[in-house]
Amino acid sequence: MKIQRSKGTRDLSPQEMVSFRLIESAFRDCCLKWGYQEVRTPTLEYLHLFTATGTLTPSMLAKVYSFLDWDGWSGERVVLRPDGTIPISRLYIDSMAKEKLAKLFYVANVFMFEATGKKTRERWQCGAELIGARPPLADIELVMLALEVLRELKIKGIELRLSHAGLIKALLARMDVSAEEQIDMFDRILDGDMKALEKLKLKRPELEKTIDSLLELKGKPSGFSKELQRLFAEDLPECKPYIENCTRIAEFLEAMGYDYRIDIASGRGFEYYTGIIFQIFKGGEKIGGGGRYDALIPLMGGKDVPASGFALYLERLMGLIEPKALAQPQPPKILVRAELARAKEGFDTAGRLHKAGYRAECYLGVQKEADFDWTVELKDKLKFTLTNQAKKQKVTAETIDELLALLKK
Amino acid sequence: MKTKLKLALPKGRLLGETAALLQRAGWGLDDYQEQTRFYHITSKTMPRLSARVFHEKDIPIQVAIGNYDLGICGSDWIEELLVKYPSSALMKVKNLRYGEGALYATSAGGAATIEALRARPSTIRIASEYPNLAESFAINARLKHFSVFPLWGGAEVYPPESAELALVGTAQGFSLTPISRVLGVSAFLIANRESWKDKELGKMVASIEKALVPEKRKPEATKRPPTKAVQYTAADNDTVRLALPDGHQQAPTRKLLDKAGIRLDDYPSEKGNRRPNIELEGVSVKVIRPQDMPLQVANDNFDLAITGRDWLTEHLCQFPSSPVKELADLKLGRVKVVAVVSQERDIADIRDLSESEEALPIRVASEYINIADSYARDNRLNRYRLIPTWGASEAFLAEDADLLIENTETGRTLAQHRLKIIDTLFESTACLIGSTGGAASPLKKERMESITKTLRKAAEEIS
């Protein structure tokens, strides 16, 4: 019988895991330097964490992996974590709520059904959450952190797109529709349904100019922000602080020399976003994103704490890096060949070599010498024969210490 | 020769109109009629066509997994499958425009709007035969904390005491207040996606379309279904909430209660009354499906229930740490739960199946889906698929399943269907169940113990 992988899953090969770990360690290093602490949350969470308005949209909830646990007779469902941020907020409320500032990061898999099975249903994310700090500085720090990770990974040609959940909501609040429909429209914009804004135009023709400007004015120059400010000051004065928020971040990015554009309609993301939404693209493909979610923690039962965060999509980054260019130099690799009678000595030798910082393995009857930098042979009593595989030079040593000294040379 | 075509047809409420439609379409399925005793029907006019009669609820599953090419059933059961498994191989071909109705989320007084429900701080319990639609409704209604109780039937009797909401069809007619219309329902012709691609079904569908009665467009019932008020008396902390079985368990249960000297009105009820009065102080009674009782007792919606050990076992297989336990063996309705295969198959015991090297997964059909799952696991069936069924499971073998886990009293029905028993899992009788959880008041405890003792004694006397 042919064994098959479960549909929509993927294996990570040894080569792919090298890329995976390179990205993970670049991300960890950057986060630690910025004072973030690593956390890990369980793969299983209660479904109800994700169901309230302001968490995940119904269309996302229709794709989560939820089921009854072995003690789920109450109907309480558990879910394979569909998102990284909500579990972190839950962890913060559960055990860190006393801390005024929590800077947390994680590398985790998230699960979301995908019907064709061609894309993967289990995805890996590198995420950072900054809980307890207000805009714009906190948001700028997160953007900087994300961009620093990408710089460390030598990924160039990054494009940033900025949107603002508050702006979208304010626009919707102007409409003559129920609160329910507003939420529905917001969800559809966040789910990437562009037609939602077109429909909004039909309902409120007097907003057409503003909406068109929003849809069409996708640009970079800071002049654009001024244009936007002028436009909104006329039609939607309540949006002024949001525009200012966008502008400040935009100006900062411009001063730092980053390629960005404001694109309100591109506010794809999570329902929990309340403020700035930023998305990171490379060659038209989204490789990460984040935003501000000030309402989420109070909604989940925590205190009124502001927060924002982002995630980079690990698998997408894997296709964008050059592992060779990023890899740290590795210590020499040594094969220890010991005859069976001297097996213990062989393993001891490998252990000593490990301690000295070498990569060493014992010969199991299978390895090829050509794959190693050195070979150590334990054949004649008490003697080590050291062979340099490249130069085919042989030297002998009486003891392990002598052998180590020879290797150093 | 053209490939064979298999059709899944409903029994029950859609049978009459479906049979008439197929007659008009000339499909030659003459044996498909009310009171039919046949499960398998062959066409008199189309040699490639054969049909099998199912419980309506089975049909979307049977078509989706490819056991049947075409099927006819209500769109409620189609959506129940599709809302959970949108990428299944099931496609809706044609609205047949009969058997029309709707599914409603309903409550019994109290919170009568979705907004009011959303504002409730406690968990909202939703009872329904349509658990997937109920969950989807709750998510779309943005209810924060909800639990869905999947049911075999009788959802309308749950609110307000045992659930805040029931998701029910108008077909059932109900005494509850509709809050939200969840789904319009009518009969549909459905097809398996692969069959639709590979087998020429176009002509068949055309003949159905031609045979459809031209639409006398009934204006869709915009007005809500009529509701009749029911008096609910809230149970206090001392009241014992007792669940009695509906269906064919009613007569023996009544006999037992009579023997125990427990009198109650209108049980079994001809009008389908599910709230009979009991002449026992501090006890309230609801009549529900025995299948649903263990879960309800586990959730503290009932204190005592008379069900079968088979259904208790089924519950414990799904939830091993459930607080539900058997309090008394009532010794009624003795059946064996057995593993069954077709006589045609060269299988003497379960090992022959676990050691089989067939490329296809072993199809295990059962009403007891969790018992079947645990049995298959324990016996190391290598690769198997569970097929949930809703009654008349014996007709699934040999075509639509390889192994059946089923109850039997005498084994006669099984033999008639040319089936053989290869294993007995356990014996089941009616039993009284209760919960080890829940802190009952001393008075309630006393009442429960008294009922348990009385019933146990009566059961001894009858046997």
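Order of the sequence lines fixes the chain letters, A, B, ..., with proteins taken first and strands second; residue numbering starts at 1 for each chain. Worth knowing before you read on, the calculation uses all heavy atoms, side chains too, and leaves out hydrogens, waters and symmetry mates.
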inquiry  = Which residues in residues 132-142 of chain B have any heavy atom closer than 4.5 Å to a heavy atom of chain A?
reply    =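 The stretch touches chain A at B:Glu135, B:Ile139, B:Asn140, B:Arg142.
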Neighbour count above 12 (heavy atom, 6.0 Å) for [X] [atom1]:
X	atom1	value
B:Lys84	NZ	yes
A:Arg5	CZ	yes
B:Arg377	CZ	yes
A:Arg10	CZ	yes
B:Tyr85	OH	no

Which answer fits [X], side chain, backbone, both or neither, if we ask what part of it has an atom under 4.5 Å from a heavy atom of chain A?
X	answer
B:Leu143	backbone
B:Arg118	side chain
B:Ser147	both

remark   = Taking a cut-off of under 4.5 angstrom between non-hydrogen atoms, the residues of residues 68-76 of chain A near chain B are A:Leu68, A:Asp69, A:Trp70, A:Asp71, A:Gly72, A:Trp73, A:Ser74, A:Gly75, A:Glu76
Taking side chain as everything from C-beta outward and backbone as N, CA, C, O, which of these in [X] sits under 4.5 Å from a heavy atom of chain B? Side chain, backbone, both or neither.
X	result
A:Ser66	both
A:Ala115	both
A:Phe113	side chain

ask   = Among A:Leu49, A:Thr51, A:Thr55, A:Leu56, who wins on heavy-atom pairs under 4.5 Å with chain B?
value = A:Thr51
key: Distance-minimising heavy-atom pair for B:His145 and A:His48   =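 Nearest pair, atom of B:His145 first, then A:His48: NE2-CD2, 3.5 Å.
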note = Rounding to 0.5 Å, atoms OG (B:Ser87) and CD (A:Glu114) come to a distance of 9.0 Å
